[in-house]
Amino acid sequence: MFRKILIANRGEIAVRIIRACRDMDIIPVAVYSEADVDALHVRLADEAVCIGPPASVDSYLNIAAVLAAAKATAAEAIHPGYGFLAENADFARAVGEASLKFIGPTPDVMQTMGSKTSARRAAAAAGVPVVPGTVEPLQSFAEAQEVAERFGYPVMLKASAGGGGKGMRLVSATEELQSAFETAQSEAAAAFGNPELYLEKAIERPRHIEIQIFADTHGSVVHLGERECSIQRRHQKVIEECPSPIDDPSLRIRMGEAAVRIAQAVGYVGAGTVEFLVADATREFYFLEMNTRLQVEHPVTELVTGIDLVREQITVAAGAQLSFKQEDVRWNGHAIECRVYAEDPENNFFPSPGTITFLQVPAGPGIRDDGGVRAGSEVSIHYDPMISKLAAWGRNRTEAIDRLRRALDEYQIDGIQTTLPFFRRIVRDDEFINGHLDTGFIARFWDRTHPRLPDAPDKSPRSETRDLALIAAALFHSQQSKTDSLKDTPTLSTPSRWRMSGRVAQLESKSALANKPSATEAD
Ligand code: MV4
């Protein structure tokens, strides 16, 4: 077993990996940029090495600096976390060449699954349904035209070197194809240095469901069930849950076995995730892509299966067998995770950097917060603005939602804007509560909760200004009702609706006793 592991990452995932090291009596070594000198993961590690200036390219993406830090601290292994160098085959190769252990799959497998076309080819070879479309990159627009006619519109143009929805184009009719083809090509070239595209039949209103798999170096490949990831905003997952509200054991087995077949076919080792699109009505599923890293949303699988995925990654990298067989895996209860971002939901989710002046993290029955910040933390513009993930476990989905609601109401982060108010509304939304999820949920939710009056300008004041204005309105209203006490005027206990820059806001008293109005957007 390793004595010392270097974590080539920052924020909440670095803290998460440090915790697994602590549980295993392994010395955690942190790396940090000059912007992270006071970061939580630096404070929690035994040793910490500054690897460069704030910009990621000069620090967390700086392979030479990370390897030098590992050498300087005599770390035997490197855990890449997710993002940054986690799926960089050159990095995984360089780690091996430096006689260190990369905690993850081999560079070759990482490379194979990193190309969307070679991943589709591997899936098809393993007998796993892929979305109908081209397996090889398109050689010309003429070929795209011919294939689109053959599969029938709508079709999806995708970048071979892409993923996560970047460079993806939905084409609904033949007259749109040429411009979509040309823009997708130039976007793919700009984003990935590779203009190659492939084309698929578009699956309409799909669910995005992924399967967690785990393989050791002794031939054992196991699936740990699914995660529902359909609640996304601009291809960023927002809320993930395990199991999927579909909760269909036969679908879980069929998708799980398909994911295991792919992992076996490519000689996968470590934690991996196979992403599928699921057509809700027919329950047909199609391979999308495979992620060769631990995912952000791994906690919901851990909460339901009781398995520590980071611990298993470390023991498997050290050559041990998986601590469980397929028949040992049990799914107990339901878990839902919200990704808490330093973004302002009322300002088009623009990043909201700044200093956290007050932090109250929820706890209690069934609550887990994987955070990477503390009071005083500087949320900087250099890195992804995700500051924590809040997960709630319950015996069933209803209890998980109730606990998540309680925890979100308890959560308090001052000094920056966050997506917490956005989640507080989602967990009260009927469509969400009913579990009718597909990749269009957020768009529909946003339209429902931000009805734009016909003549309304689309700009709304920043959230705290809006809240202050609404509270002022409520106080004015309550003063009015006092002065007109003789008249039969509605009190605050009966909801009153106020228009604020074209948005309809509902004022209701939080409780008769407090008679302190809460100002929330109308759901
Ligand atoms: C699709 C699709 C429908 N049909 N491919 C999105 C990113 C990457 N994981 C692949 N994705 C999709 N590929 C076909 N043939 C739907 C998605 C998709 C999606 C599309 C639009 C808006 C949000 C989405 C969320 C998840 C998946």
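Start at 1 and go down the list; that is how both ligands and their atoms are numbered.
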Chi angles and distances behind the salt bridge (charged side-chain N to carboxylate O under 4.0 Å, His left out) call for Glu302, Arg368: CA-CA 11 Å; Glu302 293 190 323; Arg368 165 176 165 176; 2.9 Å; yes
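- No side-chain donor-acceptor contact under 3.5 Å links Thr419 and Glu343.
- Note that Arg233 lies outside the cation-pi zone of Trp446, set by a 6.0 Å cut-off to the ring centre and a 45° limit from the axis.
- In this structure, a donor-acceptor pair under 3.5 Å is absent between the side chains of Gln145 and Glu149.
- A cation-pi arrangement is found for Arg397 relative to Phe432, the charged atom lying closer than 6.0 Å to the ring centre and inside a 45° cone about the ring normal.
- In this structure Phe285 satisfies the ring-ring contact (aromatic ring centres under 6.0 Å, His included) test together with Phe276, sequence neighbours excluded.
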Hey, what polar pairs (N/O, under 3.5 Å) does ligand 1 make with protein?
| residue | atom | partner | partner atom | Å |
| --- | --- | --- | --- | --- |
| ligand 1 | 4 (N) | Ile203 | N | 2.9 |
| ligand 1 | 5 (N) | Lys158 | NZ | 2.9 |
| ligand 1 | 5 (N) | Glu200 | OE1 | 3.4 |
| ligand 1 | 13 (N) | Lys158 | NZ | 3.0 |
| ligand 1 | 15 (N) | Glu200 | OE1 | 2.9 |
| ligand 1 | 15 (N) | Lys201 | O | 2.8 |

